[in-house]
Amino acid sequence: MKFRKGGFHISPLSMMSRNRKGSRVFFDNEGKIQLFWRILLGWLAFVAGLGLGVAAATAAGSYGFPTLALQLILAVVTTGVSVPLIYVLRRYADRRPWSGLGLSSPPKGLPYFLLGMGLLALLTTATLLIGSALGWLRVVAFHLPVTTLFLVLINSAIAFFYEAFPEEMAFRGYLYRNLNTRLPRWLALIIQVVLFVLAPVALTALMVLAGIATWDQITVDYMINLVAFGTMLQLCRILSGNLWMNIGFHLAWLEMVRYVVVPSPSAIVEVEYISPLAGYLVNIGTVVLGVIVLFVWSLRKKVGWNRIEPDHRSEFQHLTSFRSTGW
């Protein structure tokens with residue numbers, strides 16, 4: 001039987017074939033959303049969370065909310081939107097277990113969290129020694145001001161939910177894991193870094209269009225920092241296999257450049273910048289040195305940079321079978 005439309009004979013089989021071809025644009029043979037769309041949705045999940053956080057904080061600021069309240073709004077909205085969206089994508093788009101992203105339970109992740117913080121402390125010490133040897137900076141004194149310690153404690157909680165946790169879940173967790181199912185590690189790392197850099201650029205573009213920001217925020221220094229930071233954190237994930245190392249390093253770096261090692265008497269490590277390059281050495285040089293150290297470490301561990309790691313469906317079926325039987 002054939003259908004006639006506009007004088008042409010259309011076979012039901014040909015219509016079904018076209019439907020299948022159209023569906024292949026969005027779905028693979030397993031019925032999962034294609035990789036391109038999962039990557040796009042994962043990236044948008046973070047950008048949406050961050051964008052809504054900025055919008056909510058901007059609106060609250062117009063009503064005279066204090067700075068701490070604005071920071072809390074940013075943290076709550078960013079994580080409250082982006083992380084649940086990532087979970088939904090992992091559960092229903094990837095059809096794979098959450099554990100595959102590399103985030104273990106907090107008790108099991110604590111050693112990795114401390115490892116990330118310890119690595120940052122060692123790298124910071126190394127850059128201070130290098131800067132002192134080059135005559136670029138001078139360590140003035142060590143302090144333990146109660147006010148600064150309190151600020152570090154408060155800001156760590158805010159930075160965890162506003163920056164460290166959602167960024168690591170989205171970029172080094174979800175996006176990298178999906179990329180590495182089809183692409184070798186080295187290429188998945190590069191694309192992850194590109195997506196990481198594009199996120200604040202896209203958000204700034206929207207804010208410029210809305211008239212609440214300017215392109216002055218996107219500087220060359222900032223872009224270099226994003227590239228180095230995204231590379232460093234992905235190396236942490238690849239070598240440790242656990243996102244808590246990323247989160248520990250990420251959080252420690254944020255507090256280091258804000259409160260711990262700064263040219264101020266209120267800092268924990270008060271420094272004096274003799275050369276204009278000293279600030280770059282401490283802030284960006286620490287991360288670049290970390291990239292070099294971890295890359296050399298990866299070569300010694302013989303990390304397979306060409307390795308592709310598929311997400312096996314059997315893992316997800318095993319997980320759901322336990323749930324269905326009441327485990």
Taking a hydrophobic cluster as the set of Ile, Leu, Val, Met, Phe, Trp and Tyr residues connected by side-chain heavy atoms closer than 4.5 Å, whether directly or through intermediates, do [X] and [Y] fall within one such cluster?
X	Y	value
Val152	Ile154	no
Trp253	Leu122	no
Leu209	Trp215	no
Tyr259	Leu144	no
Leu153	Val257	no

Quiz item: For Leu183 and Ile191, what are the C-alpha separation, side-chain angles and deciding distance, and is it a side-chain contact (heavy atoms from CB on, under 4.5 Å)?
Solution: CA-CA 10 Å; Leu183 304 173; Ile191 296 176; 3.5 Å; yes
Quiz item: For Glu168 and Leu103, what are the C-alpha separation, side-chain angles and deciding distance, and is it a side-chain contact (heavy atoms from CB on, under 4.5 Å)?
Solution: CA-CA 10 Å; Glu168 297 314 311; Leu103 187 75; over 6 Å; no
Does a side-chain heavy-atom distance below 4.5 Å link [X] with [Y]?
X	Y	result
Leu50	Tyr162	yes
His250	Phe165	no
Leu189	Trp305	yes
Arg38	Asp94	yes
Ile274	Trp136	no
Phe249	Phe229	yes
Leu198	Trp43	yes

Who are the side-chain contact (heavy atoms from CB on, under 4.5 Å) partners of [X], not counting sequence neighbours?
X	result
Ile308	Pro184
Arg258	Asn155, Ala159, Glu163, Leu254, Glu255
Gln71	Thr67, Leu68, Ile158

Closest non-hydrogen atom pair between [X] and [Y], with its separation:
X	Y	answer
Leu195	Leu175	CD1-CD1, 4.0 Å
Asn246	Arg237	OD1-N, 3.3 Å
Gly248	Met117	O-CG, 3.4 Å
Val197	Val201	O-CG2, 3.3 Å
Thr219	Asp216	CG2-O, 3.3 Å
Pro166	Val83	CA-CG2, 4.2 Å

Just verifying a value: how many Å separate [X] [atom1] and [Y] [atom2], rounded to the nearest 0.5 Å?
X	Y	atom1	atom2	answer
Tyr176	Ile238	OH	CD1	3.5 Å
Asn178	Trp37	CG	CH2	15.0 Å
Ile86	Phe46	CD1	CZ	9.5 Å
Ser266	Leu151	OG	CG	8.5 Å
Thr231	Ile190	OG1	CD1	8.5 Å
Met245	Phe113	CE	CZ	12.5 Å

Quiz item: Where do Val139 and Val261 land on the side-chain contact (heavy atoms from CB on, under 4.5 Å) test, with the steps shown first?
Solution: CA-CA 9 Å; Val139 176; Val261 182; over 6 Å; no
Self-check item: Side-chain donor-acceptor contact under 3.5 Å, Thr181 with Asp311
Solution: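 There is no such pair between these side chains.
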Quiz item: Just checking, is any N or O donor in the side chain of Asn225 or Asn283 under 3.5 Å from an acceptor N or O on the other one?
Solution: no
Quiz item: Trp244 vs Phe160 aromatic rings, parallel, tilted or perpendicular, using cut-offs 30° and 60°?
Solution: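 Rings of Trp244 and Phe160: parallel, as their planes differ by under 30°.
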Practice problem: Could you tell me whether Arg172 sits above the aromatic face of Phe196, with NZ or CZ closer than 6.0 angstrom to the six-membered ring centre and within 45 degrees of the axis? | Solution: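 So Arg172 does make the cation-pi contact.
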Compile the donor-acceptor pairs under 3.5 Å between side chains in residues 125-135 and protein atoms, sequence neighbours left out, one pair per line.
residue : atom : partner : partner atom : Å
Thr125  : OG1  : Ala121  : O            : 2.9
Thr127  : OG1  : Leu123  : O            : 3.3
Thr127  : OG1  : Thr124  : O            : 2.8
Thr127  : OG1  : Thr286  : OG1          : 3.3
Ser132  : OG   : Leu128  : O            : 2.8

Self-check item: Apart from Val88 itself, residues in the same hydrophobic cluster as defined by side-chain heavy atoms under 4.5 Å
Solution: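 Its cluster partners, ordered by chain and number, are Tyr92.
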Quiz item: Tracing side-chain links under 4.5 Å among I, L, V, M, F, W and Y, which residues wind up in one group with Ile73?
Solution: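 Besides Ile73, the cluster holds Leu52, Tyr63, Phe65, Leu70, Val77, Val81, Leu85.
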Exercise. Only one of Arg182, Arg185, Arg177 passes side chain to side chain donor-acceptor pair (under 3.5 Å) with Glu309; say which it is.
Key: Arg185
Quiz prompt | Test side-chain contact (heavy atoms from CB on, under 4.5 Å) applied to Leu115 and Asn242, step by step | solution = CA-CA 11 Å; Leu115 176 62; Asn242 197 303; over 6 Å; no
